[in-house]
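Notes follow the structure.
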Amino acid sequence: MSDTLTKIRFFTIADFKEEEQWLREMHRAGWKLESMRPPCIFYFEKCEPEDVVYQLDFRGRRDGDGASYRQIFRDCGWEYVESCLSFHYFRKPVAQMEGEEEIFSDNVSRAELLGRIWKCRMLPIFCIFFGCVLPQIRRNFSGEVPRDAFFYFFCVLLLLYLMLICHVGVKFFRLRRSL
């Protein structure tokens, strides 16, 4: 039996709570996260099954890559695991928890996390959507250019963007409301 496991699992930026729970379940099953590669490849190493809480923090490249940033979490008992696409992965055994199972101690810091994700990830998506996809679709519907393969490509892109924006928007609204 192999001591490593590779899993492919897709999570959107709004699914970070589900991702934390899935990583916790994997650790309970005896697989601890070692690393991950964009967009959705997780590498695990065999370990003793243990209840370990995983937490994700989102910081821009300048804010989250420093040793002082990681030291703050280390001082609170959190082990730094990996960074991927500005998400930083931390873990801590439940046995070492002192009540709170989150790295964020209050609703203000949780709201700031949601704001950072929204600003750094969703605003560029809106810019692409309103600056590229919608104008291209409008141009094709107005008859300025003949409908070709690009038209159908942009129609598919339009549907994907709308699904992503709706999914992420609803999840963020629910997370924000729960605070």
Side-chain angles (χ1 to χ4, degrees), residues 1-125 164-165 167-179:
M1 187 166 133
S2 177
D3 288 342
T4 61
L5 176 69
T6 301
K7 288 261 187 182
I8 296 175
R9 183 94 186 250
F10 182 76
F11 295 98
T12 68
I13 59 173
D15 297 329
F16 63 94
K17 287 293 181 193
E18 289 85 351
E19 186 174 356
E20 291 171 350
Q21 188 60 38
W22 178 69
L23 292 170
R24 184 176 185 173
E25 291 167 9
M26 291 296 293
H27 207 114
R28 281 185 190 146
W31 295 101
K32 70 178 181 178
L33 179 67
E34 280 302 309
S35 65
M36 69 170 291
R37 298 292 168 255
C40 55
I41 303 171
F42 295 82
Y43 298 97
F44 295 91
E45 186 176 274
K46 188 80 172 147
C47 67
E48 287 296 318
E50 181 182 15
D51 194 9
V52 174
V53 172
Y54 282 81
Q55 291 283 284
L56 278 68
D57 187 19
F58 183 87
R59 299 282 173 169
R61 290 181 185 219
R62 293 184 196 121
D63 298 332
D65 288 342
S68 62
Y69 167 78
R70 286 189 224 116
Q71 187 62 44
I72 293 169
F73 291 97
R74 237 183 324 246
D75 291 345
C76 295
W78 290 92
E79 176 189 357
Y80 172 77
V81 180
E82 174 77 272
S83 291
C84 184
L85 299 174
S86 297
F87 276 97
H88 303 278
Y89 293 72
F90 298 91
R91 67 176 160 228
K92 186 176 188 180
V94 171
Q96 295 177 9
M97 294 284 176
E98 298 170 3
E100 191 71 33
E101 291 188 357
E102 292 192 28
I103 57 177
F104 301 104
S105 58
D106 58 14
N107 285 340
V108 172
S109 58
R110 290 179 186 106
E112 287 172 356
L113 168 70
L114 295 176
R116 285 191 304 271
I117 295 171
W118 188 265
K119 185 175 83 176
C120 294
R121 291 291 189 255
M122 287 306 291
L123 288 182
I125 287 173
L164 177 68
I165 289 169
H167 171 76
V168 170
V170 167
K171 296 274 294 222
F172 267 94
F173 176 75
R174 288 181 183 158
L175 285 168
R176 192 86 148 145
R177 199 172 70 198
S178 72
L179 302 177

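- Counting heavy atoms from C-beta outward, R28 and E50 have side chains that stay 4.5 Å or more apart.
- Under the 4.5 Å side-chain criterion, counting only non-hydrogen atoms from C-beta, V168 is in contact with I13.
- The side-chain hydrogen bond (donor to acceptor under 3.5 Å, both in side chains) check on R176 picks up nothing, with sequence neighbours excluded.
- Separation of the F44 and H27 ring centroids does not fall under the 6.0 Å cut-off.
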- Message: The test is side-chain contact (heavy atoms from CB on, under 4.5 Å); show your working for K32 and L23 and say whether it passes.
- Response: CA-CA 8 Å; K32 70 178 181 178; L23 292 170; over 6 Å; no

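- Looking at residues two or more places apart in sequence or on another chain, you find no side-chain hydrogen bond (donor to acceptor under 3.5 Å, both in side chains) involving S178.
- There is no side-chain donor-acceptor pair under 3.5 Å between D57 and Y89.
- Rounding to the nearest 0.5 angstrom, the gap separating the CD atom in E112 from the OG atom in S109 is 6.5 Å.
- The shortest side-chain heavy-atom distance between L113 and R110 does not fall under the 4.5 Å cut-off.
- Within the 4.5 Å cutoff, side-chain heavy atoms of E18 are placed close to those of K171.
- Taking the side chain as every heavy atom from C-beta outward, F42 and T6 never approach each other to under 4.5 Å.
- The aromatic ring centres of Y54 and W22 sit 6.0 Å or more apart.
- Inspection of the Q21 and R24 side chains reveals no N or O donor paired with an N or O acceptor under 3.5 Å.
- Judged as a side chain to side chain donor-acceptor pair (under 3.5 Å), the pairs with a partner in residues 33-44 (not counting sequence neighbours) are, in order, R37-E82.
- Between the side chain of D15 and the backbone N or O of T12, at least one donor-acceptor pair lies under 3.5 Å.
- In this structure, CH2 on W31 lies 9.0 Å from CD on E45, to the nearest 0.5 angstrom.
- Taking CZ of R116 as the start and CZ of R121 as the end, the distance is 12.5 Å to the nearest 0.5 Å.
- Atoms CZ and CD1, from F58 and I117 in turn, are 6.0 Å apart once rounded to the nearest 0.5 Å.
- Under a cut-off of 6.0 angstrom, the local environment of NZ in K17 is crowded, with over 12 non-hydrogen atoms contributed by other residues, nucleotides or ligands.
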- Report the C-alpha distance between M97 and V53 in whole Å, list the side-chain angles of each, state the deciding distance to 0.1 Å, and finish with yes or no for side-chain contact (heavy atoms from CB on, under 4.5 Å). CA-CA 9 Å; M97 294 284 176; V53 172; 3.5 Å; yes

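- Nearest heavy-atom pair across W78 and I103 is CE2-CG2, 3.2 Å.
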- Does the pair F73 and H88 meet the rule for a ring-ring contact (aromatic ring centres under 6.0 Å, His included), with working shown? CA-CA 11 Å; F73 291 97; H88 303 278; 8.5 Å; no

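- In this structure, the side chains of C84 and P38 come closer than 4.5 Å at one or more pairs of heavy atoms.
- Taken from NZ in K92 to CG in D51, the straight-line distance is 13.5 Å, to the nearest 0.5 Å.
- A cation-pi arrangement is found for R70 relative to Y80, the charged atom lying closer than 6.0 Å to the ring centre and inside a 45° cone about the ring normal.
- Side chains of E20 and Q55 form a contact here, defined as non-hydrogen atoms less than 4.5 Å apart.
- Going from atom OH of Y69 over to atom CZ of R74 covers 11.5 Å, rounded to the nearest 0.5 Å.
- Counting heavy atoms from C-beta on, the side chains of R91 and L33 come closer than 4.5 Å.
- Nearest heavy-atom pair across C120 and P124 is O-CG, 3.5 Å.
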